[in-house]
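Shown next, in structure tokens, is the structure this report addresses.
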Number of protein chains: 2
Amino acid sequence: MEHGFTVKQVAKKLNLSEHTIRFYCDKGLIPAVQRDRNNNRIFTQESINWLTGVKYLRDSGMSLESIKKYVDLCLIGDETILERYSIIQEQRELAKIQLQEAKERLEYLEYKLSHYKDIIEHRIDDDMNPGKW
Amino acid sequence: MEHGFTVKQVAKKLNLSEHTIRFYCDKGLIPAVQRDRNNNRIFTQESINWLTGVKYLRDSGMSLESIKKYVDLCLIGDETILERYSIIQEQRELAKIQLQEAKERLEYLEYKLSHYKDIIEHRIDDDMNPGKW
DNA sequence: GTAAACCTTGAGAGTAGCTCTAAGTCAAGG
DNA sequence: CCTTGACTTAGAGCTACTCTCAAGGTTTAC
């Protein structure tokens with residue numbers, strides 16, 4: 001209670017499992033998490049923002065090890081800004097590629113689906129899709 | 001040798017590791033893979049197509065277990081077409097969500113980058129991004 | 001007041017999906 | 001003949017969860 005949110009509330013808010021959130025905290029990825037007098041983790045808006053950032057970075061493919069390094073750079077302060085900039089820049093390039101790949105995957109599934117639809121509706125033979133797949 | 005491609009060639013072509021390809025084969029995910037007289041895996045265009053499909057499904061978040069079930073349905077033939085259709089349909093819905101998430105991630109990183117740029121060019125202080133991240 | 005219901009905690013086991021290493025086979029090139 | 005190199009299998013190791021568990025605090029119900 002106190003001010004701030006419990007693990008459960010944050011899990012719901014950010015669509016992460018409670019396990020994962022505790023796991024990230026234990027790894028030192030979320031620096032701002034406090035404890036209440038019963039040793040329960042309490043999340044302020046600041047720690048929720050950290051967690052949100054970690055989630056974005058993780059989802060864009062960065063390893064927890066690299067995220068940890070990045071978080072530590074953030075905590076050092078101003079003099080690490082150029083280094084942080086280049087980390088995020090590189091990650092953005094990856095995110096661009098991932099976006100492109102996501103589009104391709106969707107296209108593939110759409111194609112596949114229309115192919116199945118043809119078979120189902122128009123009695124085209126199911127040939128196990130040789131040469132197409 | 002023979003006709004067809006080696007694991008190495010396919011790995012390069014599809015941007016998968018040789019380990020992963022062998023792993024998929026051993027799991028029964030790629031039914032059409034033959035062996036040459038030295039017991040080496042040889043990939044025809046058909047098996048490459050299978051592998052390509054498996055890769056798309058995997059990349060769109062399907063578990064290897066589910067992919068295996070799907071592949072087995074394909075091998076049974078025509079009478080499984082409706083079931084396969086609904087599997088792919090569901091996967092397409094996931095792919096749509098993933099595409100949206102990929103866009104959001106890219107936006108987040110772009111925002112972050114422009115924020116860093118402002119700090120570097122001395123427009124504003126590095127405040128560790130309270131409330132923003 | 002105390003029991004039941006419901007949180008939370010840390011420790012640690014289990015899992016998926018690779019990823020890598022070791023040890024060995026085979027075929028061609030110098 | 002010997003090295004190089006690509007292949008093989010078995011299995012260990014890794015990351016990032018994911019889950020189970022026992023212990024213990026808090027809340028509500030009577």
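In what follows, chains carry the letters A, B, and so on, assigned in the order in which the sequence lines appear, proteins first and then strands, with residues in each chain numbered from 1.
Between the C1' atom of D:dC17 and the CG atom of A:Asn15 lies a distance of 15 Å, rounded to the nearest Å. Following rounding to the nearest Å, B:Ile42 (CD1) and D:dA6 (P) show an atom-to-atom distance of 18 Å. What separates CD of B:Glu65 from C1' of D:dT18 is a distance of 15 Å, to the nearest Å. If you take CG of A:Asp36 and C1' of D:dT26, they are 11 Å apart, rounded to a whole angstrom. Between the CG atom of A:Leu16 and the C1' atom of D:dC17 there is a distance of 11 Å, rounded to whole Å. Between A:Lys68 atom NZ and D:dC17 atom C1' there is a gap of 18 Å when expressed in whole angstrom units. Rounded to a whole Å, the CD atom of B:Gln9 is 17 Å from the P atom of D:dG5.
Around CD of B:Glu79, the count of heavy atoms belonging to other residues, nucleotides or ligands within 6.0 Å exceeds 12.
Every residue two or more places apart in sequence or in another chain was checked for a salt bridge (Lys or Arg N to Asp or Glu O under 4.0 Å) with A:Lys103, and none qualifies. Among residues two or more places apart in sequence or in another chain, the side chain to side chain contact (heavy atoms under 4.5 Å, CB included) test is passed with B:Ser47 by B:Ile30, B:Ala32, B:Val33, B:Phe43, B:Thr44. Partners of A:Glu18 according to the side chain to side chain contact (heavy atoms under 4.5 Å, CB included) rule, which considers only residues two or more places apart in sequence or in another chain, are A:Val7, A:Lys8, A:Ala11, A:Arg22. When the salt bridge (Lys or Arg N to Asp or Glu O under 4.0 Å) test is applied to B:Lys13, no partner is found at least two apart in sequence or on another chain. The salt bridge (Lys or Arg N to Asp or Glu O under 4.0 Å) check on A:Glu93 picks up A:Lys96, with sequence neighbours excluded. When the side chain to side chain contact (heavy atoms under 4.5 Å, CB included) test is applied to A:Leu82, the partners found at least two apart in sequence or on another chain are B:Ile120. Remark: B:Gln34 pairs with B:Ile42 by the side chain to side chain contact (heavy atoms under 4.5 Å, CB included) rule, at least two apart or across chains.
At D:dT9, one or more side-chain N or O atoms of B:Arg35 fall inside 4.0 Å of OP1 or OP2 (strictly under the cut-off). For the OP1/OP2 pair of D:dG25 and a distance below 4.0 Å, the side-chain nitrogens and oxygens of A:Asn40 include no atom meeting the criterion.
Separation of atoms CD1 (B:Ile87) and OH (A:Tyr116) is listed at 8.0 Å; rounding is to 0.5 Å.
Within the structure, salt bridge (charged side-chain N to carboxylate O under 4.0 Å, His left out) pairs that include any residue of residues 24-33 of chain A comprise A:Asp26-A:Arg41 (at least two apart or interchain). Among residue pairs with one or both ends in residues 53-64 of chain B, those qualifying as salt bridge (charged side-chain N to carboxylate O under 4.0 Å, His left out) are B:Lys55-B:Asp59; sequence neighbours excluded.
Taking every nucleotide of DNA chain C with any atom under 4.0 Å from a non-hydrogen atom of chain B, the first and last of them, 5' to 3', are C:dG17 to C:dA27.
Of the two residues contacting DNA chain C, namely B:Ser63 and B:Asn38, the nearest-nucleotide position lying further toward the 5' end is that of B:Ser63.
DNA chain C lies under 4.0 Å from at least one heavy atom of each of the following residues of residues 17-24 of chain A: A:Glu18, A:Arg22.
Each end of the helix from C:dG1-D:dC30 to C:dG30-D:dC1 gets its own axis from five base pairs, and the two axes differ in direction by 0°, given to 10 degrees.
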